Undergrad: 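One structure, as structure tokens, below. Some questions next.
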Amino acid sequence: MSISSSGLKVLVIDDSNTIRRSAEIFLKQGGHEVLLSEDGFDALSKVNDFQPDLIFCDILMPRLDGYQTCAIIKRNAKFSSVPIVMLSSKDGVFDKARGRMAGSQDYLTKPFTKDQLLQTVQALGSAKQREI
């Protein structure tokens with residue numbers, strides 16, 4: 001297979017500057033293009049402009065939470081196939097199930113390591129590239 005999993009466009013939505021910057025550094029080290037967003041409303045406009053291959057979305061954010069943001073993105077036919085990974089400091093079964101119901105493909109608990117983040121990108125990014 002000649003397509004590598006590098007070079008994906010990844011959107012990171014999180015109200016924590018620390019999490020956004022950590023994810024940006026890790027993803028860029030993995031060879032990915034990164035766009036950051038600090039809340040759900042900001043993310044919705046960036047999704048349309050940036051057209052990401054993968055989205056990481058925090059659950060607990062002001063104004064528009066991660067579940068709502070995920071559901072809105074998934075309702076748009078243009079972005080319904082874009083994998084969304086929920087980010088949360090909670091690791092509960094309820095949170096994971098609610099994320100799946102909103103349309104997310106995976107769940108990553110914060111704080112995450114570089115390896116965890118890049119493995120998630122590789123797993124979901126390779127599935128996305130098989131669709132192309």
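Remember, predicted model here, so these are calculated numbers, not experimental data. Note: hydrogens, waters and symmetry copies are ignored here, and every other heavy atom, side chains too, is used.
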Undergrad: Side chains of P52 and I55, heavy atoms from C-beta outward: is any pair under 4.5 Å?
TA: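 Counting from C-beta outward, P52 and I55 do come under 4.5 Å.
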Undergrad: To the nearest 0.5 Å, tell me how far K90 NZ sits from K96 NZ.
TA: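 Going from the NZ atom of K90 to the NZ atom of K96 covers 13.0 Å.
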Undergrad: What is the minimum heavy-atom distance between G30 and L118, and which atoms define it?
TA: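 That would be CA-CD2, 4.0 Å.
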Undergrad: Assess the residue pair L64 and D39 against the criterion (side chain to side chain contact (heavy atoms under 4.5 Å, CB included)); give the C-alpha distance rounded to whole Å, side-chain angles, the decisive distance to 0.1 Å, and a yes or no.
TA: CA-CA 7 Å; L64 194 64; D39 66 45; over 6 Å; no
Undergrad: Considering all heavy atoms of both residues, which atom of Q29 and which atom of K114 are nearest to each other, and what is their separation?
TA: OE1-NZ, 2.9 Å
Undergrad: Quick check for you: to the nearest 0.5 Å, what is the distance between D115 atom CG and Q122 atom CD?
TA: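 That separation rounds to 10.5 Å.
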Undergrad: Side-chain contact test, heavy atoms from C-beta onward, threshold under 4.5 Å: evaluate it for E33 versus V10 and give yes or no.
TA: no
Undergrad: Step by step, would you call K9 with Q51 a side chain to side chain donor-acceptor pair (under 3.5 Å)?
TA: CA-CA 8 Å; K9 292 195 292 185; Q51 300 193 3; 5.6 Å; no
Undergrad: Any heavy-atom pair between the side chains of L54 and V121 that's under 4.5 Å?
TA: yes
Undergrad: For a quick test of reading the model, state the closest non-hydrogen atom pair linking F26 to T113 and the distance between them.
TA: CE1-C, 4.0 Å
Undergrad: Rounded to the nearest 0.5 Å, how far does OG1 of T69 lie from CZ of F41?
TA: 8.0 Å
Undergrad: Keeping R20 on the side-chain end and D14 on the backbone end, is there a donor-acceptor pair under 3.5 Å?
TA: yes
Undergrad: In Å, rounded to the nearest 0.5 Å, how long is the span from SG of C57 to CD1 of I13?
TA: 4.0 Å
Undergrad: Is a side-chain donor-acceptor pair under 3.5 Å present for D42 with S37?
TA: yes
Undergrad: Using modelled atom types only, decide if a donor and an acceptor are shared between the side chain of S80 and the backbone of R75 within a distance under 3.5 Å.
TA: no
Undergrad: If you take all heavy atoms of L60 and D15, which pair is closest and at what distance?
TA: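 Nearest heavy atoms, L60 then D15: O-OD1, 3.4 Å.
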Undergrad: Determine whether a donor-acceptor pair (N or O, by modelled atom type, separation under 3.5 Å) exists between the side chain of K46 and the backbone of L36.
TA: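 Confirmed, K46 side chain pairs with L36 backbone.
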Undergrad: Check each of L44, I72, V47 against F79 using the side-chain contact (heavy atoms from CB on, under 4.5 Å) test, and report the only one that passes.
TA: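 Exactly one option meets the side-chain contact (heavy atoms from CB on, under 4.5 Å) with F79, and it is V47.
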Undergrad: Please confirm whether the backbone N or O of L8 pairs with a side-chain atom of H32, one donor and one acceptor, at under 3.5 Å?
TA: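 Pair found, side chain donor or acceptor close to backbone of L8.
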Undergrad: Please evaluate residues D53 and V82 with respect to the criterion side chain to side chain contact (heavy atoms under 4.5 Å, CB included), reporting the C-alpha separation (whole Å), side-chain torsions for both, the decisive distance (0.1 Å), and the verdict.
TA: CA-CA 6 Å; D53 298 309; V82 175; over 6 Å; no
Undergrad: Give me the atom names and distance for the closest heavy-atom approach of M86 to G99.
TA: CG-CA, 4.1 Å
Undergrad: Could you measure the distance from the CG atom of L124 to the CG atom of D106? Nearest 0.5 Å is fine.
TA: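 With rounding to 0.5 Å, CG (L124) is 5.5 Å from CG (D106).
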Undergrad: Over all heavy atoms of both residues, which pair between A102 and C70 is shortest? Give the atoms and the distance, please.
TA: O-SG, 3.4 Å
Undergrad: About how many Å separate OG of S104 and CZ of F56, when rounded to the nearest 0.5 Å?
TA: 11.5 Å
Undergrad: Is the side chain of R100 donor-acceptor paired with the backbone N or O of Q105 at a distance under 3.5 Å, no angle test?
TA: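 Checking the backbone N and O of Q105 against the side chain of R100, a donor-acceptor pair under 3.5 Å is found.
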Undergrad: Taking the side chain from Q119 and the backbone from Q116, do they hold a donor-acceptor pair closer than 3.5 Å?
TA: no
Undergrad: Assess whether side chain to side chain contact (heavy atoms under 4.5 Å, CB included) is satisfied between D91 and Y107, documenting all intermediate values.
TA: CA-CA 9 Å; D91 194 20; Y107 190 98; 4.2 Å; yes
